[in-house]
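Nothing here was measured: the structure is a model prediction, and the numbers come from that model.
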Amino acid sequence: MPDNRKDISPCGLYCAECPFYVGKIADLARDLRAELRKNRADKLAELLATIPFFKGFENYQTCYETLGLFVKTRCGKVCRDGGGNPRCAIRLCVAKKGYEGCWECDDFDKCDKLDFLRVSHGDAHIKNMRKIKRKGVEEFLKGDKPWYSKPKEK
């Protein structure tokens with residue numbers, strides 16, 4: 001699939017590499033749940049939980065339910081096509097300002113609307129936006145588009 005401008009989210013992340021858009025995690029979680037059901041792993045977990053070494057199997061049901069949540073994380077659309085959170089503060093801000101992305105704003109480096117992304121992306125989105133601002137969207141699309149980048153210690 002060729003790189004495309006619409007795959008760059010307003011926050012600078014590249015949606016085409018998003019694990020929720022790609023769906024690999026959702027597929028693996030779905031397949032694992034099916035295999036667990038097929039093999040009646042709930043019954044095995046019940047038995048194993050009685051053995052001190054395998055006490056953690058007491059949490060089998062929580063694990064199974066969590067896998068179900070991962071199945072639901074699949075996002076069939078990129079942000080610009082309506083994927084992700086429709087009330088995303090970043091998306092709303094960019095639309096209000098008439099920008100293509102945060103990189104067009106002089107304050108994106110200091111914007112607190114982007115802070116929540118640090119938990120799962122480090123500073124990848126900031127690095128991506130700096131590159132877009134410096135080299136343009138077309139050059140950004142030709143190069144590396146990190147999904148996570150470890151933030152530098154302050």
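- For Lys133 and Asp109, the salt-bridge test fails: no basic side-chain N is under 4.0 Å from an acidic carboxylate O.
- In this structure, Leu114 and Met129 have side chains that are in contact, with non-hydrogen atoms separated by less than 4.5 Å.
- When atom types are taken as modelled, the side chain of Arg91 and the backbone of Ser9 share no donor-acceptor pair closer than 3.5 angstrom.
- At distances below 3.5 Å, not a single donor-acceptor pair connects side-chain atoms of Lys142 with backbone N or O atoms of Glu138.
- When the side chains of ILVMFWY residues are joined at heavy-atom separations under 4.5 Å, either directly or via intervening members, Leu36 and Val71 end up in two distinct hydrophobic clusters.
- No donor-acceptor pair closer than 3.5 Å links the side chain of His121 to the backbone N or O of Tyr148.
- Nearest heavy-atom pair, Cys105 versus Tyr99, reported as atom, atom and distance to 0.1 Å: CB-CE1, 3.6 Å.
- Separating the CZ atom in Arg130 from the CH2 atom in Trp103 is a distance of 15.0 Å, to the nearest 0.5 Å.
- Around CZ of Arg40, the count of heavy atoms belonging to other residues, nucleotides or ligands within 6.0 Å does not exceed 12.
- The shortest heavy-atom contact between Val94 and Pro10 is CG2-CB, 3.9 Å.
- Between Asp27 and Lys24 there is no salt bridge, since no side-chain nitrogen of the basic residue lies less than 4.0 Å from a carboxylate oxygen of the acidic one.
- Across every non-hydrogen atom of Ala26 and Thr73, the tightest pair is CB-OG1, 4.5 Å.
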*Trace of the side chain to side chain contact (heavy atoms under 4.5 Å, CB included) decision for Ile8 with Cys15*: CA-CA 6 Å; Ile8 305 171; Cys15 289; over 6 Å; no
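- Atom CG in Leu67 sits 11.0 Å away from atom OG1 in Thr62 (nearest 0.5 Å).
- By the criterion of side-chain heavy atoms lying less than 4.5 angstrom apart, applied directly or through intervening Ile, Leu, Val, Met, Phe, Trp or Tyr residues, Trp147 is grouped together with Ile90 in one hydrophobic cluster.
- Chaining together hydrophobic side chains whose heavy atoms lie under 4.5 Å apart leaves Val22 on its own.
- With hydrogens and angles ignored, the 3.5 Å screen pairs no side-chain donor or acceptor of Lys110 with any backbone N or O of Phe108.
- Put simply, Leu32 and Ile25 are part of two different groups of oily side chains (I, L, V, M, F, W, Y) that touch within less than 4.5 Å, one to the next.
- Shown here for Leu141 and Tyr14, the closest heavy-atom pair between the two residues is CD2-CE1, 3.6 Å.
- Between atom NZ of residue Lys145 and atom CZ of residue Phe140 there is a gap of 6.5 Å, rounded to the nearest 0.5 Å.
- Across all their heavy atoms, Asp123 and Arg118 have their closest contact at CB-NH1, 3.7 Å.
- Looking only at side-chain heavy atoms (C-beta outward), Arg33 and Arg30 stay at 4.5 Å or farther from each other.
- You'll find the side chain of Thr50 stays beyond 4.5 Å of the side chain of Lys55, heavy atoms only.
- No donor-acceptor distance shorter than 3.5 angstrom exists from the side chain of Asp7 to the backbone of Val78, with no hydrogens or angles considered.
- The ring pair (Phe, Tyr, Trp, His ring centres under 6.0 Å) analysis of residues 30-69, with sequence neighbours excluded, yields the pairs Phe54-Phe57.
- A salt bridge is defined here as a Lys NZ or Arg NE, NH1 or NH2 lying under 4.0 Å from an Asp or Glu carboxylate O, and Arg5 with Glu100 meets this definition.
- Using a distance-only test at 3.5 Å, with no hydrogens or angles considered, no donor-acceptor pair links the side chain of Asn39 to the main chain of Ala41.
- For Asp81 (side chain) and Lys77 (main-chain N/O), no donor-acceptor pair under 3.5 Å exists by modelled atom type.
- In this structure, Ala124 and Leu13 approach most closely via the heavy-atom pair CB-CD2, 4.4 Å.
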